[in-house]
2 protein chains.
Amino acid sequence: MSEAADRRAPTMADVAKVAGVSHQTVSRVLSDHPNVRESTRARVREVIAELEYRPNPAARALVTKRSRTLGVIAANTTLYGPASILAGLEHAARAKGYLIAAVSLDELSETALRKALEHLAAWGVEGGVVMTPHERTVAALLRLAAPFPIVTVEGGHDLDVPGVALDQYAGARMVTEHLLSLGHASVWHVTGPREWLEAEGRFQGWRAALDDAGAPVPQWLGGDWSAASGYRAGQLLAAAHRSLDQASKPTAVFVANDHMALGVLRALREAGLRVPEDLAVAGFDGLPESEYFAPPLTTVRQDFAAAGRAGIDLLLQRIEDPSATPVHTTLMPELVIRSSTAARP
Amino acid sequence: MSEAADRRAPTMADVAKVAGVSHQTVSRVLSDHPNVRESTRARVREVIAELEYRPNPAARALVTKRSRTLGVIAANTTLYGPASILAGLEHAARAKGYLIAAVSLDELSETALRKALEHLAAWGVEGGVVMTPHERTVAALLRLAAPFPIVTVEGGHDLDVPGVALDQYAGARMVTEHLLSLGHASVWHVTGPREWLEAEGRFQGWRAALDDAGAPVPQWLGGDWSAASGYRAGQLLAAAHRSLDQASKPTAVFVANDHMALGVLRALREAGLRVPEDLAVAGFDGLPESEYFAPPLTTVRQDFAAAGRAGIDLLLQRIEDPSATPVHTTLMPELVIRSSTAARP
DNA sequence: CTGCAAATTGTTAACGTTAACAGCTGCCCG
DNA sequence: CGGGCAGCTGTTAACGTTAACAATTTGCAG
């Protein structure tokens with residue numbers, strides 16, 4: 001009502017006119033250029049605040065050729081791990097003055113990945129983080145040759161793409177060794193889908209720990225990360241516990257993630273087996289609620305926020321110099337011991 | 001090696017030159033303008049593919065004044081519900097040709113919210129979805145007067161901001177009525193934090209169902225959504241079960257979310273109470289793993305993907321016509337009955 | 001054929017910012 | 001007191017697209 005010019009957003013020229021300077025001076029104030037008299041700078045700042053002027057990001061991006069936007073491509077974002085990493089990436093990016101454009105994949109096909117990359121490219125992101133725990137996806141990523149610099153998170157290290165990974169292998173060794181140290185002759189294993197790099201790393205770590213300890217390697221059971229598949233594996237473990245002879249029956253099991261461990265626990269309970277007395281169970285991921293499972297679950301906790309920060313650091317570095325040799329960052333997980341693996345009586 | 005011009009990305013003018021037309025014709029082909037001869041269109045398309053030309057989004061945004069980007073502000077993204085909604089929003093937006101810029105809040109203060117809005121505004125988003133289940137945050141949102149159109153998800157309906165909400169009240173009524181129908185004299189309740197709108201809705205629904213049935217309203221227990229707080233509430237319930245007289249002791253409890261219900265279950269188990277024989281337990285949220293709790297949990301499932309779609313629809317509508325009266329969409333949840341509330345013997 | 005409308009194409013001018021360079025002060029030193 | 005050199009400010013030209021309008025070609029009726 002007061003003014004009629006409330007229609008369109010103020011531009012740099014508007015600020016300049018009101019402040020009695022050229023638009024270039026306004027630009028200089030905005031970019032903290034040193035050669036601006038203090039009084040001028042103050043005056044311009046004042047007008048900017050008064051008019052609630054906001055620089056037009058499109059105009060800026062057009063001339064600087066930088067969108068200050070990073071893309072993130074993620075699958076399984078409803079799981080605790082990926083969701084945590086996503087939040088970590090966002091915080092780190094925002095702290096560095098970047099916007100995060102998120103794309104969530106519900107299918108891990110090469111087509112879906114290509115579409116996601118294309119979507120981000122169409123908006124001019126400067127780089128992308130791809131959370132592709134899946135081996136085939138990583139392969140696809142390499143074939144596709146993304147139109148902008150890329151880093152992976154949980155994508156393994158055998159690539160000429162830089163990446164951040166949590167050390168699955170070391171984590172799995174830690175749990176397995178912990179179980180062996182409790183006096184178990186061997187440790188059984190429920191795997192994740194083997195084409196997921198995390199599942200593979202955990203599998204290898206488990207196996208190496210057994211080999212190093214000279215322990216026999218029992219038949220492993222395949223799961224798909226879901227509690228349902230853990231439940232099925234648990235039923236099998238219970239059966240094995242009942243029917244195998246004393247020497248070879250399972251007394252300890254390392255389950256590749258906490259969700260599946262939950263299913264295992266339910267199956268064992270239904271079969272009348274006690275945890276940890278009859279069968280010790282350990283998980284992997286460090287879900288906050290794993291402390292409230294029945295019984296509280298021994299697990300491996302990962303620092304997802306740190307992974308997010310490391311991912312952004314790597315990506316920005318990659319954007320600075322795309323030709324530098326790819327660097328990999330590895331983060332160490334932490335063993336959390338709870339009563340599902342208490343010492344044997 | 002073959003060509004030296006691999007330096008910068010091709011522009012519309014480059015395409016035009018190669019195709020032997022004006023840049024405007026290229027623009028027309030890109031925007032599917034009808035008045036272009038079929039042969040010309042084909043030729044231009046060919047050159048676009050050949051040069052791998054990609055329109056510059058900044059230049060386009062500058063002239064059209066549309067960034068085709070939507071912002072999403074979310075807290076607690078590591079929880080199943082918010083994470084699912086986020087994924088739903090992203091899919092819906094992408095399908096409509098929009099990019100999703102995500103900002104995750106780890107603190108629900110007005111300052112944090114203002115910073116998030118400012119961050120998105122600085123990148124010129126056309127609108128934003130705010131997932132603010134927290135009452136104070138919603139109030140803050142109203143005070144702040146965002147610089148772009150806003151819709152809320154799970155933000156309640158008593159606002160002049162349009163929003164999508166899942167019907168917490170109805171869901172809570174459904175569980176409570178279900179428990180009453182099993183023959184319980186009354187139903188106890190473990191609440192979420194009361195300043196969360198979802199918690200409040202569930203509380204009100206619970207209370208209304210009891211009132212309508214003429215059942216007494218027992219003292220409710222306060223929780224904070226975490227399994228830990230559910231555990232503490234469970235200990236109290238167990239104590240009440242032991243010490244109160246037959247008429248007033250708890251025999252059924254509706255816990256405001258599945259995570260807390262997990263804690264309740266553990267506490268009851270530790271106290272030697274059987275579920276559902278001694279105490280029936282129901283949750284809310286429909287976590288996939290709630291089926292594998294001990295025992296499998298009766299809960300209320302919500303369609304988060306639908307909520308995401310509805311949110312984007314509402315927002316785009318709002319961007320079209322910001323002055324239209326705010327519309328609210330309500331989605332109905334679904335009761336999932338499992339053995340934690342099996343019929344009384 | 002001629003002319004006129006419709007279809008197709010081209011030309012020019014924005015959009016709002018930063019970069020490059022030019023100009024204008026005032027001050028210090030010889 | 002003149003020259004030069006900072007320090008500050010302004011002017012002009014991009015950046016790559018769409019919008020508005022102008023120009024050209026085509027098709028077809030008269």
Side-chain angles (χ1 to χ4, degrees), chain A residues 5 7-45 47-48 51-69 97 99 121-126 147, chain B residues 5 7-45 47-48 51-69 97 99 121-126 147:
Chain A
R7 296 225 95 40
R8 71 184 225 306
T11 156
M12 193 172 263
D14 298 334
V15 174
K17 194 168 334 160
V18 175
V21 297
S22 76
H23 67 124
Q24 184 57 250
T25 298
V26 178
S27 172
R28 275 189 270 256
V29 169
L30 246 39
S31 53
D32 282 322
H33 190 95
N35 283 355
V36 178
R37 196 188 302 147
E38 207 40 64
S39 62
T40 312
R41 187 186 303 275
R43 173 72 187 128
V44 169
R45 288 242 168 84
V47 176
I48 286 177
L51 299 188
E52 298 185 56
Y53 163 72
R54 238 186 287 273
N56 180 318
R60 180 176 282 179
L62 179 57
V63 65
T64 61
K65 300 184 184 311
R66 307 210 52 176
S67 62
R68 296 198 76 80
T69 301
L99 189 74
W123 267 265
V125 301
E126 294 182 33
Chain B
R7 295 223 96 43
R8 69 184 225 307
T11 157
M12 193 173 262
D14 298 334
V15 174
K17 192 165 342 154
V18 175
V21 297
S22 76
H23 67 122
Q24 184 58 250
T25 297
V26 178
S27 173
R28 276 190 269 255
V29 170
L30 246 38
S31 52
D32 282 321
H33 189 96
N35 282 356
V36 177
R37 197 186 301 147
E38 206 41 61
S39 62
T40 311
R41 187 185 302 276
R43 173 73 186 127
V44 169
R45 288 241 168 85
V47 175
I48 286 177
L51 300 187
E52 297 184 58
Y53 164 73
R54 237 186 287 273
N56 180 318
R60 179 175 283 178
L62 180 58
V63 65
T64 60
K65 301 181 184 311
R66 307 210 53 176
S67 63
R68 296 198 76 80
T69 300
L99 188 73
W123 268 264
V125 301
E126 293 181 35

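Note that this is a predicted model, so its numbers are computed, not measured. Letters A, B, ... mirror the listed sequences (proteins, then strands); counts begin at 1.
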Nearest heavy atoms of [X] and [Y], plus distance in Å:
{"X": "A/Gly124", "Y": "B/Pro57", "value": "N-CG, 3.7 Å"}
{"X": "A/Trp123", "Y": "B/Ser67", "value": "NE1-O, 3.3 Å"}
{"X": "B/Val21", "Y": "B/Val44", "value": "CG2-CG2, 4.1 Å"}
{"X": "A/Ser27", "Y": "A/Met12", "value": "CA-CE, 3.6 Å"}

Can you check whether [X] has a side-chain N or O nearer than 4.0 Å to OP1 or OP2 of [N]?
{"X": "B/Ser22", "N": "C/dT11", "answer": "no"}
{"X": "B/Ser27", "N": "D/dT17", "answer": "no"}
{"X": "A/Lys65", "N": "D/dG16", "answer": "yes"}

For the side chain of [X], starting at C-beta, report the closest nucleotide among [options].
{"X": "B/Asn35", "options": "C/dT8, D/dT12, D/dT9", "answer": "C/dT8"}
{"X": "B/Leu62", "options": "D/dT17, C/dT17, C/dC15", "answer": "C/dC15"}
{"X": "A/Thr25", "options": "C/dC15, C/dT9, D/dG10", "answer": "D/dG10"}
{"X": "B/Ala59", "options": "C/dT17, D/dG16, D/dT18", "answer": "D/dG16"}

Rounded to whole angstrom units, what separation is found between the [atom1] atom of [X] and the [atom2] atom of [N]?
{"X": "B/Lys17", "N": "D/dG16", "atom1": "NZ", "atom2": "C1'", "result": "14 Å"}
{"X": "B/Ile48", "N": "D/dT17", "atom1": "CD1", "atom2": "P", "result": "10 Å"}
{"X": "B/Arg60", "N": "C/dT17", "atom1": "CZ", "atom2": "P", "result": "21 Å"}
{"X": "B/Gln24", "N": "D/dC21", "atom1": "CD", "atom2": "C1'", "result": "11 Å"}
{"X": "B/Arg66", "N": "D/dG16", "atom1": "CZ", "atom2": "P", "result": "24 Å"}
{"X": "A/Asp14", "N": "C/dC15", "atom1": "CG", "atom2": "P", "result": "11 Å"}
{"X": "B/Met12", "N": "D/dA19", "atom1": "CE", "atom2": "P", "result": "11 Å"}
{"X": "A/Asn56", "N": "D/dG16", "atom1": "CG", "atom2": "C1'", "result": "14 Å"}

Do the non-hydrogen side-chain atoms of A/Arg60 and B/Leu62 ever get within less than 4.5 Å of each other? no

Do B/Tyr53 and B/Val18 come within less than 4.5 Å of each other through their side chains, counting heavy atoms only? no

Contact residues, residues 36-43 of chain A to DNA chain D [heavy atom, < 4.0 Å]: A/Val36, A/Arg37, A/Thr40

So B/Pro55, base contact, sugar-phosphate only, or nothing? Heavy-atom distance under 4.0 Å. sugar-phosphate

A/Arg68 side chain to A/Gly97 main-chain N or O, any donor-acceptor pair under 3.5 Å? yes

Does any N or O in the side chain of A/Arg28 come within less than 3.5 Å of the main-chain N or O of A/Arg41, such that one atom is a donor and the other an acceptor? no

By nearest-heavy-atom nucleotide on DNA chain C, the more 5' of A/Arg28 and A/His23 is A/His23

A/Ser31 or B/His33, whichever maps to the more 5' nucleotide of DNA chain C: B/His33

